[in-house]
Asker: 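I'd like to ask you about the structure that follows.
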Amino acid sequence: MTADAPVVRAVNVVKIYQTGGLPVPAVRGVDLTVEAGEFVAIMGPSGSGKSTLVHMLGGLDTRTSGEIWLDGRRADTLSESGWAVLRREKIGFVFQFFNLVANMTVADNVELPALLGGVSPRQAKERRDYLLGELGLADRAEASPAQLSGGEQQRVALARALANQPRLLLADEPTGNLDSRNTRDVLRLLGKVHGQGQTIVLVTHDARVASMADRVVSLLDGQIVDDGAIPKSRRRPLGAAGDVVELRS
Amino acid sequence: MRQSLLALLAKEPAHGYELKQALETIFGGAYPSPNIGQIYVTLGRLEKDGYVRSVDVEQANRPNKKVYYITAAGREALETWVEEPTEGPRVRDEFFMKLVLAPMTGLSDRMALVNRQRRHYLALMRDLRELAERTDPANRVALLLIEGAMLHLQADLDWLERCQEDLP
């Protein structure tokens, strides 16, 4: 709400799953603040709670206790429909499962959030053309999701998430299904929108993606064990991958 | 470096500076630029081993230039090198030594070591990514070298994660 409120503020957030037998803690007291324009990568082994955390930040999973504030507004107490409105207005999602609307074209899938957000059809189309172009999907606009490969669907999901220029982009392994060339397209687009001020929180085990971030948060057993900036490398500025490529005489 | 110089000389005779330039052109920014002194030292050793020979070529207005060419023994050594399987990369063990031994001395705890190392790897990855962006897209050799370096770094990070999970 207020101009200087952080985009995300999680306070002592806990998630305990209880499916039948014993309660299983997935997230155990996480505090996380993300300021406007920040790019935060969340890393950690599988089962460390990273996906659960971003799902809770987007309201796709409820927290057991703690508080979640988005853009200065308390969000963890919202109803499901309250979350739906908040998401439509403020959040773009890219998840491991793509959730594209099956009976709509790629173009319509990408335009939909912008149209729902009240943007004019002409602007929605311009934004869609730009995003699909950046992701190398310009010629797939009229295809249906079922005709796309997994990697293409994932990129469409990213385009859709960015269509509305959301206050917050949340992503869970956004390059999980991509080969290295498509990953490059995704990285380039993430770098561009981040440069334009897009706030990004993403879960990844891909170091190329994480190295784009300003800050890395590492989770272990549902707790944050490290949270800080990626340092400037101590190496001389020009090229030379000397640490990995070695000259031997 | 011995073998790269031999391979370049197998293509055509050259002097030291030409070899340096050839290495830079072929491998691009991903390869640490070889220092000219290092090249001459290596050429000297190759000459002593009988793998290359040199001739002085007279130049107008300038000191003579030493041009190196490969010998039959050099060609044979090169063939052996090309044909034998290349050793796999070794695990980068210096950090692992710190991780295992430092906590025993009370100098540092493992969590802090792993966290610092992770951030360092990510900084290296950012360098590699930026290097790839600056590299001529037509230079497939340089780009593949960078991609190889990235894949190694990713494996190092994955291993770091395993260390953090399994070492108390």
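Everything numeric in this text was worked out from a predicted model, so none of it was measured. Letters go in sequence order (proteins before strands), and every chain restarts at 1. Values below: all heavy atoms of this structure, side chains included; hydrogens, waters and symmetry mates excluded.
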Asker: Has B:R53 got more than 12 heavy atoms of other residues, nucleotides or ligands less than 6.0 Å from its CZ?
Answerer: no
Asker: Could you look at B:R162 and say if it's the side chain, the backbone, both or neither that has a heavy atom under 4.5 Å from chain A?
Answerer: neither
Asker: Select, from A:I230, A:V216, A:D206, the one with the greatest count of heavy-atom pairs under 4.5 Å involving chain B.
Answerer: A:I230
Asker: Does the pair B:R129 and A:M212 meet the rule for a side-chain contact (heavy atoms from CB on, under 4.5 Å), with working shown?
Answerer: CA-CA 9 Å; B:R129 233 188 44 242; A:M212 305 274 304; 3.3 Å; yes
Asker: Do B:Q154 and A:H205 have side chains that get closer than 4.5 Å, going by heavy atoms?
Answerer: yes
Asker: Quick check for you: to the nearest 0.5 Å, what is the distance between B:R119 atom CZ and A:R215 atom CZ?
Answerer: 10.0 Å
Asker: What part of A:A229 is in contact with chain B, defined as an atom under 4.5 angstrom from a non-hydrogen atom: side chain, backbone, both or neither?
Answerer: backbone
Asker: Working to the nearest 0.5 angstrom, can you tell me the gap between A:S218 OG and B:L122 CG?
Answerer: 8.0 Å
Asker: Is it the case that atom OH in B:Y69 sees more than 12 heavy atoms from other parts of the structure closer than 6.0 Å?
Answerer: yes
Asker: Can you tell me how far CG of B:L143 sits from CZ of A:R184, rounded to the nearest 0.5 angstrom?
Answerer: 7.0 Å
Asker: Given that the side chain runs from C-beta out, which part of B:E147 has a heavy atom under 4.5 Å from chain A: side chain, backbone, both or neither?
Answerer: side chain
Asker: Around atom CD of B:E76, are there more than 12 heavy atoms from other residues, nucleotides or ligands closer than 6.0 Å?
Answerer: no
Asker: Just verifying a value: how many Å separate B:M150 CE and A:S211 OG, rounded to the nearest 0.5 Å?
Answerer: 7.0 Å
Asker: Checking A:S180 against chain B: side chain, backbone, both or neither under 4.5 Å from a heavy atom?
Answerer: side chain
Asker: Spell out, as yes or no, whether a donor-acceptor pair under 3.5 Å connects the side chain of B:R126 to the backbone of A:P231.
Answerer: yes
Asker: Using modelled atom types only, decide if a donor and an acceptor are shared between the side chain of B:E161 and the backbone of A:S46 within a distance under 3.5 Å.
Answerer: no
Asker: Against chain A, label B:M111 side chain, backbone, both or neither, depending on which of its atoms sit under 4.5 Å from a heavy atom there.
Answerer: side chain
Asker: Could you look at A:V225 and say if it's the side chain, the backbone, both or neither that has a heavy atom under 4.5 Å from chain B?
Answerer: both
